[in-house]
Amino acid sequence: MTKISAQRSFILALVAAVGTFGGFCAAPARADYAVLRSGLRLHITGYEVSGERARLTVEGGIVDVAASELVSVEPEDTFPALPATSAATQGPYSRLIHAAAEKHGVDEKLIAHVIAEESNFNPRAVSRKQALGLMQLLPETAAHYSVLNVFDPAQNIDAGTHYLKDLLARYSGNLVLALAAYNAGPEMVARYGGIPPFAETQLYVKRITAKLAQDVADNVQVRHIPSKN
């Protein structure tokens, strides 16, 4: 079995497990992140500081913390969509995605969905944390994979795909952990022994695995459409 075939088998298993994430296909509202002194980032829809306490409004309730624990409130990164990129593997970078998938043995739909989440297919995207380009490579990651021009789509996609390949190998093909590490960093996955308790990372993993599961479901439906005589 090829590496890509093994990944597709794993994605197929996600279809059966899709309910474990809850609200999988619902698109969450974009909001802000409250950054706590512990390093935890909470996805919030509002907050209020009163005296020595801070009340953070999160999905499903209120989190009350000491005001001294609230380091900052950061807006969620958003990147405008570019024209003609609605189809995951049929946009302007489909050739580069396909080439990287073949070179590194990574499913091209996985690459496309990561790009969609990371930069909305914007090759000039720059995040607050200085993650750059289509696959939002940090400078140290770009340097590790010998990227000369991080805004060059071919170099960025190749390096980002190589990084995905290395993360999948690191976690023995566990796609969920690889995605969590791509978003939050391998050190956070190691610290928490799995997906970190960051709403940003949890939503990131849910959205991409949901899209991959839907890809598989759509493919199954297409195969079962009866031919017209």
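- Distance CD1/I115 to CD1/I208: 10.5 Å, rounded to 0.5 Å.
- When the ring pair (Phe, Tyr, Trp, His ring centres under 6.0 Å) test is applied to Y171, no partner is found at least two apart in sequence or on another chain.
- Proximity of a side-chain donor or acceptor of D107 to a complementary backbone N or O of K109 within less than 3.5 Å is detected.
- Taking hydrophobic clusters as Ile, Leu, Val, Met, Phe, Trp and Tyr residues chained together by side-chain heavy-atom distances below 4.5 Å, I44 shares a cluster with V49.
- V35 and F198 end up in different hydrophobic clusters when Ile, Leu, Val, Met, Phe, Trp and Tyr side chains are linked at under 4.5 Å.
- Residues P196 and A184 share a closest heavy-atom pair of CG-CB, 4.0 Å.
- Exactly one of L164, T161, L168 qualifies for a side-chain contact (heavy atoms from CB on, under 4.5 Å) with H104. That residue is T161.
- Remark: Y145 pairs with D166 by the side chain to side chain donor-acceptor pair (under 3.5 Å) rule, at least two apart or across chains.
- Of the possible donor and acceptor atoms, one in the side chain of T209 sits under 3.5 Å from a partner among the backbone N and O of V205.
- Note that the CZ atom of R55 and the CD1 atom of I62 stand 5.0 Å from one another [nearest 0.5 Å].
- Checking side-chain atoms of R37 against main-chain N and O of S68 turns up a donor-acceptor pair under 3.5 Å.
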Quiz item: Stepwise, does the side-chain contact (heavy atoms from CB on, under 4.5 Å) test hold for I111 with M135?
Solution: CA-CA 9 Å; I111 302 168; M135 298 192 75; 4.2 Å; yes
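- Nearest heavy atom pair, residue L96 against residue A154, reads CD1-N, 3.7 Å.
- L138 and M188 fall into different hydrophobic clusters, where Ile, Leu, Val, Met, Phe, Trp and Tyr are joined by side-chain heavy atoms under 4.5 Å apart, directly or via other members.
- Listed for the N156 side chain is a donor-acceptor partner under 3.5 Å among the backbone atoms of V150.
- The closest donor-acceptor contact from the side chain of Q155 to the backbone of V147 lies at 3.5 Å or more, if one exists at all.
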Quiz prompt | Test side-chain contact (heavy atoms from CB on, under 4.5 Å) applied to K103 and D158, step by step | solution = CA-CA 9 Å; K103 177 180 178 181; D158 182 77; 3.2 Å; yes
Quiz item: Could you walk me through whether I157 and Y93 pass the side-chain contact (heavy atoms from CB on, under 4.5 Å) check?
Solution: CA-CA 9 Å; I157 291 173; Y93 305 110; 4.0 Å; yes
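- At least one side-chain heavy atom of L179 sits under 4.5 Å from a side-chain heavy atom of L110.
- Remark: T201 engages N183 in a side chain to side chain donor-acceptor pair (under 3.5 Å) (not counting sequence neighbours).
- Considering every non-hydrogen atom in both G160 and L137, the closest pair reads CA-CD2, 3.8 Å.
- Between V71 and L36 there is no side-chain heavy-atom pair separated by less than 4.5 Å.
- Contact record, L177 with G194: CD2-CA, 3.7 Å, taken as the closest heavy-atom pair.
- Side-chain atoms of Q136 come within 3.5 Å of backbone atoms of A125 as a donor-acceptor pair (strictly under, hydrogens ignored).
- Tracing side-chain contacts under 4.5 Å through hydrophobic residues (I, L, V, M, F, W, Y), one reaches F151 starting from L134; they form part of the same cluster.
- The hydrophobic cluster containing F121 also contains V126, counting ILVMFWY residues as joined when their side-chain heavy atoms lie under 4.5 angstrom apart, directly or transitively.
- Closest of all the heavy-atom pairs between A116 and K211 is CB-NZ, 4.4 Å.
- Environment of CD in E52: sparse, with no more than 12 heavy atoms of neighbouring residues, nucleotides or ligands closer than 6.0 Å.
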